[in-house]
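See below for the structure under consideration.
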Amino acid sequence: MLGDTAVCVHPTDERYMHLVGKSVKIPLNDRIIPIIADALLADKEKGTGAVKVTPAHDPNDYACYTRNPEIGVINILNPDGTLNEHGGEWEGVDRLEVRGKVVERMNELGHYEGVEDRVIPLKHSDRSKTPVEPYLSDQWFVRMGDDEDGKPGLAQKAVDAVEDGRVRFFPSRYKKTYTDWLAEKRDWCISRQLWWGHRIPVWSKTFNNSQKAEETVKEFSSRWDDYCWRISESDPSTVLMCIDHQDEDIMEAVEKMLKTEGYVQDPDVLDTWFSSALWPHATLGWPDLERNPPLDEEELAKQTQSLSTLAPGPSTENKVLPYFYPGSVLITSRDIITLWVARMVLTGLYNMDDVPFQHVHVHPKILDGFGQTMSKSKGNGVDPVDLIEKYGADAIRFTIASFAGETQDVRLPISYECPHCGEMIAPKQYKVATSTLVVPSTMKGDFPVPQGAPKPTLVCSNKKCKQESQFTTPLYDPDEGAAVAKMVSERFEYGRNFCNKFWNAARFAMMNLVESDNGAGYTPDEVTEDQLQLEDRWILSRLSTVASEMDEYLGRYQFDAATRAVRDFTWNEFCDWYLEMIKPRLRDAKSRAVAQRVLLSVLDSLIRLLQPFTPFICEELWQRLKEIAPERALPVSSPGDSPGAKLTTQSVADACINASWPTIPSSWQDEALEKRFARLQDTIVAVRNVRAIYNIPPGTSIKLLMRTAADVAGDMESVASQFENLAKAVLEAAGADVERPIGAASFSLGDADGYIPLEGLIDTAEELERQKKKLAEVEKHIKGAESKLNNEKFVNNAKEEVVNGVRETLANQQSQRERIVEIIRDLS
RNA sequence: GGUCGCAUAGUUCAGUUGGUUAGAACGCCUGUUUUACACACAGGAGGUCUCCGGUUCGAGUCCGGAUGUGACCA
């Protein structure tokens, strides 16, 4: 009320329209203020419909003042929250106290009608939790708008850099966040009233009159023409001076001079984002363009190797800056696209006349299991060090990379780990006062903890344990020496299991690369096409496909897809099929050498592909393999060098981290071969399925007959040993005229039928049931395909290849149906 | 209030320009100490893709709306 400068009503409010233009008196200090009409501020429905206007201490009222500048502004607060001279008798008293006093005084004066409770949005300081008092103050701004002559200003230039593709966002939708915000071109307030930060390099002195100030500017501008001297816009008798010099001695001398002349440095520091915006070039020595950035001796020695092209040692030119600026990619979180990314671009354009980076990759944010941002104050975060101890650094990195897709956020449900038995205890949300915390679901005790009372504990839910422990929470520090339940997330088992799998696969490979009872150690030699077995050609085809997929995904920053591709290949193809299939060859002296060479070649590529995600394991394996095979058969880097050879002998880098990224020839990809291989896999799975259904012990060998066309039969026969190896089934016969034996289990694939004689073991009723189920499935699909093909519109409108695809499927399904029907007839 | 997301199996997530039977991991069920790996292997169950409407021969996918949920900005 003490700072009010008007009373505002709605311009269409009939109750008050006649009062607009008149004045009222503030009873507290007898100040006269006008009654004004403002449609944006006043709301006829709320309260009396008339609202007091306090421009200095309310953003909405300030906006009203800018529309009605004649009402003026009165700032009634001191920086410490007490009232200033406009507070009258309450000058120097804290605002909180004055609020009560004002009500009392109004009552005394007979103007008190009552107090009404009302919920209002009130911002609080994040640090002190005190309500924020809006307050008018002088601040430093950087102008974002265009120049007066219409040339693009800082904001527009930064928008242009993204619009014309000099800077690209991944995922691209974040471009909008950036350009929308910059397009507002709001001036950037860069001053902060804090202790920590770059101090604003502006000095000032207030003279007795403006003439003296002007003379000073003239005189000093010619004497110190490196620096910027100005008359303050808000006070014509104040001189401002901006100091900046990269030479510390000169800086010191200038500061000394300023102090003797009576100049004072601005007490504010720069906005943290202003300082951060300098990062891409300031870290590379800017603004010193004469010398490379300072490095300590040891560091310099290391750097000179990789930076040898940059003329190490003393130089008269900063060569590091042009070498590293602009950078290639900035990886960041979406909540600082405006604060940091935009500021880096516009600052880089201003200082360096170039963008700071070409790509901006915005990664998802990790939320807890309840969908909340992880934060210390909620107590729902995980400590990476705890995770690394529990799961391993590579496992964490691999798992995190597998989260990093194009979505906005990912959930990471956390649990508490009982320090006594390792049991995982689920969390729950828990309300304390106004905040929601995360605590163990089995928490014993309550918050807040009364003085001297025991701290709440986690009670282990494992019936064999039931012990109590303290837990990580923002509400108390654990007692010294107390058992503390760590917060972990079982989702990291994904990465841990994979790392373990990969490690064991490599271990298996190494066991078979050295001399052992199984045969000789690794010998490097080239591998030619005709030495390759079906499984070799298959794994090399798959490797080539996966490597090219990885290139594509990494180029788009789709780390989740990249980890999935390499994991699936490693686990489901390399381990589950390839390693199993070559085991017999590794035991056979005649075929061992070639199998070793192909195996190591694939493993070598795999280690390189996995290096970005599991660097520690990869380096360890690399070093061990280098002992076994410093030279090895690897994909021919430039075809034509060694015609006929698929793999040639090459030496490898000292360390995995220095090894080149694998380039697998795309000509290795063989779709037809992969299809043939898939049929073999399907057959083996079908045989295993029969074994599982009839509970045939793993040691028992079974017979297999395949009825199929001659070419497929030939394929089957050529890999007959693998049926034995992978399904313990002996291929008795394969061909078009194979008959289904009596008392056999059957399975039907797209273009082949399999029969497994199980005399005595077979349960006819159960087998019939199984076949009928399968028939129903096939018929469902046939029906679907038929209804499509009977639909004229589909046949006429759909792409030809789609229609043909459906026809092909239908034909396959129909022939499969026939065969199942046959089997059912035999069984019945 | 404005803008940008998300909603698919019990859970956490894939699903590229609309087009064969919607996939994975974990969990669950059955079996296996098979000499790399039980943090494993083999097999299996589990989804009317949040709801309503539209476009289309055809929608998890495109459009509109609703509901829930998240972020940024005001």
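Predicted model only: the values in this text are computed from it and were never measured. Chain letters run A, B, ... following the sequence lines, proteins first, then strands; residues in each count from 1.
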Pick base, sugar-phosphate or nothing for A/T338, based on heavy-atom distances below 4.0 Å to the nucleic acid. nothing

If the cut-off is 4.0 Å, is A/W577 near the phosphate of B/A42, judged by side-chain N/O to OP1 or OP2? no

Using a heavy-atom cut-off of 4.0 Å across all strands, would you classify A/K583 as base, sugar-phosphate, or nothing? base

For B/G15, does OP1 or OP2 lie under 4.0 Å from any side-chain N or O of A/R564? no

With a non-hydrogen cut-off below 4.0 angstrom, is A/V410 in contact with a base, only sugar-phosphate, or nothing? sugar-phosphate

Counting any heavy atom closer than 4.0 Å, what does A/R496 reach on the DNA or RNA strands: base, sugar-phosphate only, or nothing? base

Using purine N1 to pyrimidine N3 plus N6-O4 or O6-N4 for Watson-Crick, or N1-O2 and O6-N3 for G-U wobble, both under 3.5 Å, which nucleotide pairs with B/U69? B/G5

Just name whichever nucleotide pairs with B/U30, Watson-Crick or G-U, keeping both distances under 3.5 Å, else none. B/A42

May I ask you to say what A/C575 touches in the nucleic acid, namely base, sugar-phosphate or nothing, with a heavy-atom cut-off under 4.0 Å? base

Hey, is the side chain of A/R334 pairing donor to acceptor with the base of B/C72 inside 3.5 Å? no

Short side-chain N/O contact from A/N504 to OP1 or OP2 of B/A36, under 4.0 Å: no

Is A/K176 touching bases, backbone alone, or none of the nucleic acid, heavy atoms closer than 4.0 Å? sugar-phosphate

Rounded distance in Å between the P positions of B/G31 and B/G18: 47 Å

Quick one: label A/Q813 by what it contacts on the DNA or RNA (base, sugar-phosphate, nothing), any heavy atom closer than 4.0 Å. base

Pairing check on B/A22: which nucleotide meets the Watson-Crick or G-U wobble criteria with it, both distances under 3.5 Å? none

Which value, in whole Å, describes the distance between the C1' atoms of nucleotides B/G27 and B/A45? 13 Å

Tell me what A/V802 touches on the nucleic acid: a base, only sugar-phosphate, or nothing, going by heavy atoms under 4.0 Å. base

For this output row, return yes or no: ring centroids of A/H359 and A/Y557 closer than 6.0 angstrom. yes

Looking across every strand, which nucleic acid part, if any, lies under 4.0 Å from A/E580 by heavy atom: base, sugar-phosphate, or nothing? base

Using a heavy-atom cut-off of 4.0 Å across all strands, would you classify A/R567 as base, sugar-phosphate, or nothing? sugar-phosphate

Tell me whether A/R542 contacts the main-chain N or O of A/F569 through its side chain, where contact means a donor paired with an acceptor under 3.5 Å. no

Determine the contact category for A/R556: base if any of its heavy atoms lies under 4.0 Å from a base atom, sugar-phosphate if only primed atoms, P, OP1 or OP2 are that close, otherwise nothing. nothing

Taking atom P in both B/C41 and B/A36, compute the distance separating them and give it to the nearest angstrom. 14 Å

Going by the angle between their ring planes, with limits at 30° and 60°, are A/H361 and A/F559 parallel, tilted or perpendicular? perpendicular

Just wondering, do A/D394 and A/F613 contact through their side chains at under 4.5 Å, heavy atoms? no

So, do A/K501 and A/T570 sit near enough that their side-chain heavy atoms are less than 4.5 Å apart? no

Please work out if A/D576 contacts a base, only the sugar-phosphate, or nothing of the nucleic acid, heavy-atom cut-off 4.0 Å. sugar-phosphate

Does A/N791 make a side-chain N or O approach to OP1 or OP2 of B/G58 shorter than 4.0 Å? no

The single option from A/F502, A/F403, A/F498 passing ring pair (Phe, Tyr, Trp, His ring centres under 6.0 Å) against A/F398: A/F498

Taking the P atom of each, how far is B/G60 from B/G19, in whole Å? 10 Å

What nucleic acid atoms does A/V795 come within less than 4.0 Å of, heavy atoms only: base, sugar-phosphate, or nothing? nothing

Name the nucleic acid region contacted by A/G805, choosing base, sugar-phosphate or nothing; use a 4.0 angstrom heavy-atom cut-off, strictly under. nothing

